[in-house]
Asks: 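Pasting a structure below so you can have a look.
Here is how names work: the chains are called A, B, and so on, in the same order as the sequence lines, proteins then strands, and each is numbered from 1.
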Amino acid sequence: MEGSESKYRQSADIPKVYDPEDVEEHWYQEWVDKGLFNADVNSDKKPFTIVIPPPNVTAALHMGHAYNNTIQDIYIRYRRKQGFEALWLPGTDHAGIATQNVVEKELRKTNQSRFDLGREAFVEKVWEWKEQYGNRIIFQLKKMGCSCDWRRERFTMDEGLSRAVREVFIRLYNKGLIYKGKYIINWCPRCGTAISDEEVEYKEVTGHLWYIKYPVKDSDEFLIVATTRPETMLGDTAIAVHPEDGRYKKLIGKTAILPLMNREIPIVPDRQVDPEFGTGAVKVTPAHDPNDFEIGKRHNLRSINILNNDATLNERAGAYAGMDRFAARKKVVADLEAQGLLLKIEEHHHSVGHCHRCDTVIEPLLSEQWFVKMKELAKPAIEVVNDGRLKIHPAERWLKTYINWLENIRDWCISRQLWWGHRIPVYYCQECDQMVASQEPPETCEKCGGHNWKQDEDVLDTWFSSWLWPFSTLGWPEETPDLRYFYPTDLLVTGPDIIFFWVARMVMSGLEFMQEIPFRDVYLNGIVRDQKGRKMSKSLGNGIDPVEIIDKFSADAMRFTLIMLSSEGQDINLAESHFEMGRNFSNKIWNAYRFLAMNLDEPEDNYLDYEDHYQLADRWILSRLQKTIEAVGANLDNFRLNDSLSAVYHFFWHEFCDWYLELIKPRLVQDADAVERQTARSIAVHIMKTAMDLLHPYIPFISEEIYQRLCSGESKSIVVSAWPDAKKELISDKAEAEMTLTQNIISAVRNIRSEMNVPPSSKAELKFKLEDEAKTRLIMENSHYVKQLARVETIEQIPAGEKVRAAAVAVVENAEIFIPLAGLIDLEVEKNRLGKEIQRLEGQIAGLTKKLSNEQFLTRAPQEVVKQEKEKLDNFREKMEKLKANLNQLN
RNA sequence: GGGCGGUUAGCUCAGUUGGCUAGAGCGCUGCGCUCACAUCGCAGAGGUCACAGGUUCAAAUCCUGUACCGCCCACCA
């Protein structure tokens, strides 16, 4: 600091209210400028790596991201301070379908579609969008204080990552794990693309079950089928019944006439039909239902696709061609009814698939797509969690979900009929039917010698690039030093909603392509909801914007609150007012510092030099600090973030501020003894600095600000200052017990004062009776604490037999404490107060007496517990007797 | 049809292997003298731990069942 005047003498200039705005901006810039977030291959250090779940470039970040990224930042900062080479690798995801959708929506505002622009121009537009939102996301992450290595920012469509995507496709293709084929897939008519099974959201809806009469050829009979999608009958190519169904046995092999289309269709036996459901006869539409498709294969049925890509009916639907599927449904039903072929309509509850991205009803459709065979990839991904190589937290909750999905995994449809994404690296020879998967089109076709290639039009599922994220971002397929050093990563923090989409697939790809798990621990954080427990969403308008909260309360306050409200993997319900908690805590820290600054010349924390001068309060707070250090670390290691933060919060506010700072005030005044003064100051500074170290992962900004002020600018940064170690030799259960007695005496006196309405201005005279010599000495030695904090003038021990007139009484441990209140005391109030206390004790005593007279308890419970209970009972009894005796004296 | 989570103070939630008088924050009540802080301090009120059984010396905690809320999975036409 400049000149002879320390800034600590000018503490009057420190504002009473903490203003985070400049502080946060300043330190973030400083950290980046100093390169403190950079991580490089360093053989002297162990790496600790997290790759960010890359946010979609569809929009700005919401509170869920803020929560998720806060957790990641906490672990990165924690490990960095512990001396790891901590890499947090940031980036964003192109989010194929989602991003294409938002850009198309933008275009629609000017009445344009992507087809008006053409593929190239449209993709150009999406890149512009990506620039804008990608930057916004990075801006937001920085604002939250995320300590990412920004030099390493990646995007899933970067050249490097795109190369990795193609490489993976080619390897899997050549291995026979990727194939192209015609199967029933989930088609979103609005997005105009196939989607994977995981992208379908099933919702319970109330629909109808229509019972339709199909005439049996050459008879007067009808076969009645029930369907929830009558329009699909236009594509029917059979009716199926259970082979053992007595009702229909005689019809098997006969022919039915498909109404409206007048097509002859066979009646076939198939065990898949459930005779109990509907009529036990099923219309079979192989092109529009996965089950029917299977039946069709077994019976060699035709597949008639009656739909266009936008879910209007095509020419194969005859008279219904051109109609939308739902209009056609109405018309089909009406026509059937007109012909007397509609038997009845029932209400029917069933689940209907909707597009995960646009909520449109999914249409199962026979279509030629690309798939990945998953069974083989899934096996090792199950093994690594079963043998404990990869841990999921909280395991009880999600492990089963993960395993269950992998055990029942189905092939992954990876082709998308979109423009935004990684183009499938497959080339078709235009001269023959040759098809090759490769990075670039080959020179010549090895089959026909042709040179004319055409690339597949489709792009890949967006997750086909994200599942490579932990290693594609580190340079794969090159064997880079980064990859060798930082992979496998250590921790993945993400939401449980993408276990299938992302987590499980990353495990599979990591094991397949790196022969190693992608991360050792997966922490699944809860979902941020609104006050009523609803998911935050744009459509509900109940979202809370992180940037708004930061502007209003500060990033520290936001982070603090989110973590305080979270418990392991549990969802958190959030209201804006909750952020006051974080703001208030920052302000508390600020003022604790302000108080210290007022009393400091230079902030020295050489507290160990003054060991000979420690008082009880000093030994106590140092002991509490060590235990807090242990608790903060242990809870972090166990993914109990809120317990970790609560521990340091409670220590700082309710032990350090409420008690320690209050207790040392007399020692800080100018005319106090110099050594005593320095003892207290150095300890206070040490506690303050250490608390900042412990708090830094949670509230990085204010902790740095305070830390720097306390270091007089000598330290580089709290970002890299060493994480505190608990000093076992400073832990003292004795000091803690003695301090507890002192605190309890103070609280008891305060309670009497408050209950008896003793004005603060009047000082009390405390008398106490106590048989225990050691404790008596303890009380006398620390009487200055009681005097100071309980507004007591004198403390005096009196003989056990002495009567104290007109005094309020309390029993703390085995000491009777009297506050004589001559003239002030209202006998009735005091009687009442004691009566209540006695009553409470009587209840406790009754319970304990019963317990201790129970033979079973005495013999079966651990002796330690029995002993504890006995002691407890003795204490209660002693306390009650003392109170009763004093109550009697009042009469 | 399976699986998972939740039900504890007016509100939002802790309570880790069963064992002190079930805790915190907010809110509420009373009082605020004091050289950090009213975004504060001190004191206090407030809970039959969803319900019913069971196991145990002992249950908020373990088991069984019920109710309600929420999520996930499953091809029931």
Asks: Would you name the heavy atoms of A:Arg753 and A:Pro759 that are closest together and state the gap between them?
Replies: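 Heavy-atom minimum between the residues: NH2-O, 3.1 Å.
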Asks: Atom CG of A:Leu406 to atom P of B:rA74: distance rounded to whole Å?
Replies: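 Rounding to the nearest Å, CG of A:Leu406 and P of B:rA74 are 13 Å apart.
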Asks: Looking only at atom C1', what distance separates B:rG23 and B:rU61, rounded to whole Å?
Replies: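 To the nearest whole Å, 15 Å.
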Asks: Kindly express the pairing pattern of RNA chain B in dot-bracket notation, using | wherever a base pairs with another strand and counting only Watson-Crick or G-U pairs under 3.5 Å.
Replies: (((((((..((((.....[...)))).(((((.......))))).....(((((..]....))))))))))))....
Asks: For A:Ile845 and B:rC20, give me the distance from atom CD1 to atom C1', rounded to whole Å.
Replies: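 The distance from CD1 of A:Ile845 to C1' of B:rC20 comes to 15 Å, rounded to the nearest Å.
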Asks: Using atom NZ of A:Lys872 as one end and atom P of B:rA58 as the other, report the distance to the nearest whole Å.
Replies: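 Answer to the nearest Å: 16 Å.
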Asks: Under the rule for ring-ring contact (aromatic ring centres under 6.0 Å, His included), what residues qualify as partners of A:His242, not counting sequence neighbours?
Replies: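 Listed in chain order: nothing, the list is empty.
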Asks: Between A:Ile589, A:Ile687, A:Thr628, which is the residue that forms a side chain to side chain contact (heavy atoms under 4.5 Å, CB included) with A:Phe652?
Replies: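 Running side chain to side chain contact (heavy atoms under 4.5 Å, CB included) over A:Ile589, A:Ile687, A:Thr628 with A:Phe652 returns exactly one hit, A:Ile589.
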Asks: What distance, rounded to whole Å, do you find between the two C1' atoms, one in B:rU17 and one in B:rU7?
Replies: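 Going atom to atom, C1' in each nucleotide, I get 24 Å.
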Asks: Rounding to a whole Å, what distance do you find between A:Lys203:NZ and B:rC71:P?
Replies: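 Roughly 11 Å, once rounded to whole Å.
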Asks: Rounded to the Å, how far apart are A:Lys850 NZ and B:rA58 P?
Replies: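 Whole-Å distance recorded here is 10 Å.
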Asks: Which atoms of nucleotides 44-50 of chain B (N or O only) lie under 3.5 Å from a protein N or O atom, and what are those distances?
Replies:
from   : atom 1 : to       : atom 2 : distance (Å)
B:rG44 : OP1    : A:Asn751 : ND2    : 2.7

Asks: Please tabulate, for side-chain N and O atoms in residues 634-645 of chain A, each donor-acceptor pair with protein atoms closer than 3.5 Å (sequence neighbours left out).
Replies:
from     : atom 1 : to       : atom 2 : distance (Å)
A:Asn635 : ND2    : A:Ala631 : O      : 3.0
A:Asp637 : OD1    : A:Tyr78  : OH     : 2.9
A:Asn638 : ND2    : A:Ala634 : O      : 3.1
A:Arg640 : NE     : A:Asp643 : OD2    : 2.8
A:Arg640 : NH2    : A:Asp643 : OD2    : 3.1
A:Asn642 : ND2    : A:Ser566 : O      : 2.8
A:Ser644 : OG     : A:Val632 : O      : 3.0
A:Ser644 : OG     : A:Tyr698 : OH     : 2.5

Asks: Output yes when a side-chain donor or acceptor of A:Thr859 lies under 3.5 Å from a complementary backbone atom of A:Gln856, and no otherwise.
Replies: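 Side chain of A:Thr859 to backbone of A:Gln856, a donor-acceptor pair under 3.5 Å: yes, one is there.
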Asks: Got a sec, which residues hit side chain to side chain donor-acceptor pair (under 3.5 Å) with A:Arg247, two or more places apart in sequence or on another chain?
Replies: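 Checked A:Arg247 against side chain to side chain donor-acceptor pair (under 3.5 Å); matches are A:Asp245.
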Asks: For the side chain of A:Thr227, counting heavy atoms from C-beta on, which of B:rC20, B:rA77, B:rG19 is nearest?
Replies: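 The answer is B:rA77, which lies nearest to the side chain.
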Asks: Taking only heavy atoms on the protein side, list every residue of residues 634-646 of chain A lying under 4.0 Å from any atom of RNA chain B, sorted numerically.
Replies: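 Here the set is A:Arg640, A:Asp643.
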Asks: With sequence neighbours left out, write down each residue that passes ring-ring contact (aromatic ring centres under 6.0 Å, His included) with A:Trp187, or none if nothing qualifies.
Replies: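 ring-ring contact (aromatic ring centres under 6.0 Å, His included) list for A:Trp187, sorted by chain: empty.
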Asks: Could you work out which one of B:rA74, B:rC75, B:rU12 sits closest to the side chain of A:Gln272?
Replies: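 Nearest nucleotide to the side chain: B:rC75.
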Asks: Give the rounded distance in Å between these two atoms: CD1 of A:Ile544 and C1' of B:rU12.
Replies: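 In whole Å, B:rU12 C1' and A:Ile544 CD1 are 13 Å from each other.
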Asks: Tell me which nucleotide among B:rC72, B:rU21, B:rG19 gets nearest to the side chain of A:Phe876.
Replies: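 My answer, after comparing the listed nucleotides, is B:rU21.
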Asks: Rounding to an integer number of angstrom, what distance separates B:rC62 and B:rU39 when you compare their P atoms?
Replies: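 Looking at atom P only, B:rC62 and B:rU39 are 42 Å apart.
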Asks: Give the table of side-chain donor-acceptor pairs shorter than 3.5 Å for residues 784-792 of chain A, with sequence neighbours excluded, one pair per line with atom names and distance.
Replies:
from     : atom 1 : to       : atom 2 : distance (Å)
A:His784 : ND1    : A:Glu781 : O      : 3.3
A:Tyr785 : OH     : A:Gln615 : OE1    : 2.6
A:Tyr785 : OH     : A:Ala617 : N      : 3.2
A:Gln788 : NE2    : A:Glu662 : O      : 2.6
A:Gln788 : NE2    : A:Leu663 : O      : 3.4
A:Arg791 : NE     : A:Pro760 : O      : 2.6

Asks: Roughly how many Å is it from OH in A:Tyr202 to P in B:rG1, rounded to a whole number?
Replies: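 Distance, rounded to whole Å: 19 Å.
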Asks: Students often get this wrong, so: under 4.0 angstrom with heavy atoms, is A:Pro862 touching a base, only sugar-phosphate, or nothing?
Replies: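 Result for A:Pro862 = base.
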Asks: Donor-acceptor pair, distance only, cut-off 3.5 Å: does the side chain of A:Arg229 make one with the backbone of A:His288?
Replies: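 Yes, the answer is positive, given that a donor and an acceptor are paired below the 3.5 Å cut-off.
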Asks: Does A:Lys588 make a cation-pi contact with A:Tyr649 (under 6.0 Å, within 45 degrees of the axis)?
Replies: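 Judged by the rule, A:Lys588 and A:Tyr649 form no cation-pi pair.
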Asks: Which whole-number value in Å describes the distance from A:Arg753 CZ to B:rG32 C1'?
Replies: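 Roughly 12 Å, once rounded to whole Å.
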Asks: When all nucleic acid strands are considered with a 4.0 Å heavy-atom cut-off, which category describes A:Asn573: base, sugar-phosphate, or nothing?
Replies: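 Since only primed, P, OP1 and OP2 atoms lie under 4.0 Å of A:Asn573, the category is sugar-phosphate.
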Asks: Identify whether any heavy atom of A:His350 sits under 4.0 Å from a base atom; if not, whether one sits that close to sugar-phosphate; answer base, sugar-phosphate or nothing.
Replies: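 Sugar-phosphate, backbone atoms only, no base.
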Asks: Could you work out, with side chain to side chain donor-acceptor pair (under 3.5 Å) as the rule, every residue matching A:Asn573, not counting sequence neighbours?
Replies: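 For A:Asn573, no residue satisfies side chain to side chain donor-acceptor pair (under 3.5 Å) once neighbours in sequence are set aside.
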Asks: Mind checking A:Val225 for me? I need base, sugar-phosphate or nothing, with any heavy atom below 4.0 Å counting as a touch.
Replies: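 Touches nothing.
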Asks: Choosing from B:rG19, B:rA77, B:rC13, which nucleotide comes nearest the side chain of A:Ala861?
Replies: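 From the listed options, B:rG19 comes nearest.
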Asks: If you look at every heavy atom in A:Ala557 and A:Arg583, which pair is closest and at what distance?
Replies: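 Between these two residues, the closest heavy atoms are CB-N, 3.4 Å.
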Asks: Each nucleotide in nucleotides 33-39 of chain B should get exactly one letter: B, S or -. Can you fill that in based on protein heavy atoms under 4.0 Å?
Replies: B-BBB-B
Asks: Out of B:rA77, B:rU12, B:rA74, which nucleotide sits closest to the side chain of A:Asp274?
Replies: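 Selected nucleotide: B:rA77.
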Asks: Base, sugar-phosphate or nothing for A:Tyr649? Non-hydrogen atoms, less than 4.0 Å.
Replies: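 The residue A:Tyr649 makes sugar-phosphate contact but no base contact.
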Asks: What integer number of Å spans the C1' atoms of B:rG6 and B:rA43?
Replies: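 Approximately 35 Å lies between the C1' atom of B:rG6 and that of B:rA43.
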Asks: Can you tell me if NZ on A:Lys763 sees more than 12 non-hydrogen neighbours from other groups inside 6.0 Å?
Replies: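 Yes.
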Asks: How far, in whole Å, is B:rC42 from B:rC37 if one measures between their C1' atoms?
Replies: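 Looking at atom C1' only, B:rC37 and B:rC42 are 15 Å apart.
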Asks: What integer number of Å spans the C1' atoms of B:rU8 and B:rC73?
Replies: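 Straight-line distance between the two C1' atoms is 30 Å.
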Asks: Please classify the nucleic acid contact of A:His654 as base, sugar-phosphate, or nothing, using heavy-atom distances under 4.0 Å.
Replies: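 Result for A:His654 = sugar-phosphate.
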Asks: If I pick the C1' atom on B:rC26 and the same atom on B:rC20, what distance separates them, to the nearest angstrom?
Replies: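 Nearest-Å result for B:rC20 against B:rC26 at atom C1': 28 Å.
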Asks: What protein N or O atoms touch nucleotides 4-6 of chain B N or O atoms at under 3.5 angstrom, if any, and at what distances?
Replies:
from  : atom 1 : to       : atom 2 : distance (Å)
B:rC4 : OP1    : A:Lys400 : NZ     : 3.0
B:rG5 : O2'    : A:Gln570 : OE1    : 3.3

Asks: Any donor-acceptor pair under 3.5 Å linking the side-chain atoms of A:Asp236 with those of A:Tyr214?
Replies: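 Distance-only check passes for A:Tyr214 and A:Asp236.
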Asks: B:rA22 and B:rU16: how far apart are their C1' atoms, nearest whole angstrom?
Replies: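 B:rA22 and B:rU16 have their C1' atoms separated by 16 Å.
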Asks: Counting any heavy atom closer than 4.0 Å, what does A:His348 reach on the DNA or RNA strands: base, sugar-phosphate only, or nothing?
Replies: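 If one applies the 4.0 Å heavy-atom cut-off, A:His348 turns out to touch the sugar-phosphate alone, with no base involved.
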Asks: Could you work out, with side chain to side chain donor-acceptor pair (under 3.5 Å) as the rule, every residue matching A:Gln743, not counting sequence neighbours?
Replies: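 For A:Gln743 there are no side chain to side chain donor-acceptor pair (under 3.5 Å) partners, ignoring immediate neighbours.
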Asks: Over all strands shown, is A:Arg410 touching base, sugar-phosphate only, or nothing at heavy-atom distances under 4.0 angstrom?
Replies: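 Here A:Arg410 touches the backbone only, sparing every base.
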Asks: Select base, sugar-phosphate, or nothing to describe what A:Phe500 touches, counting heavy atoms under 4.0 Å on all strands.
Replies: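 Touches sugar-phosphate only.
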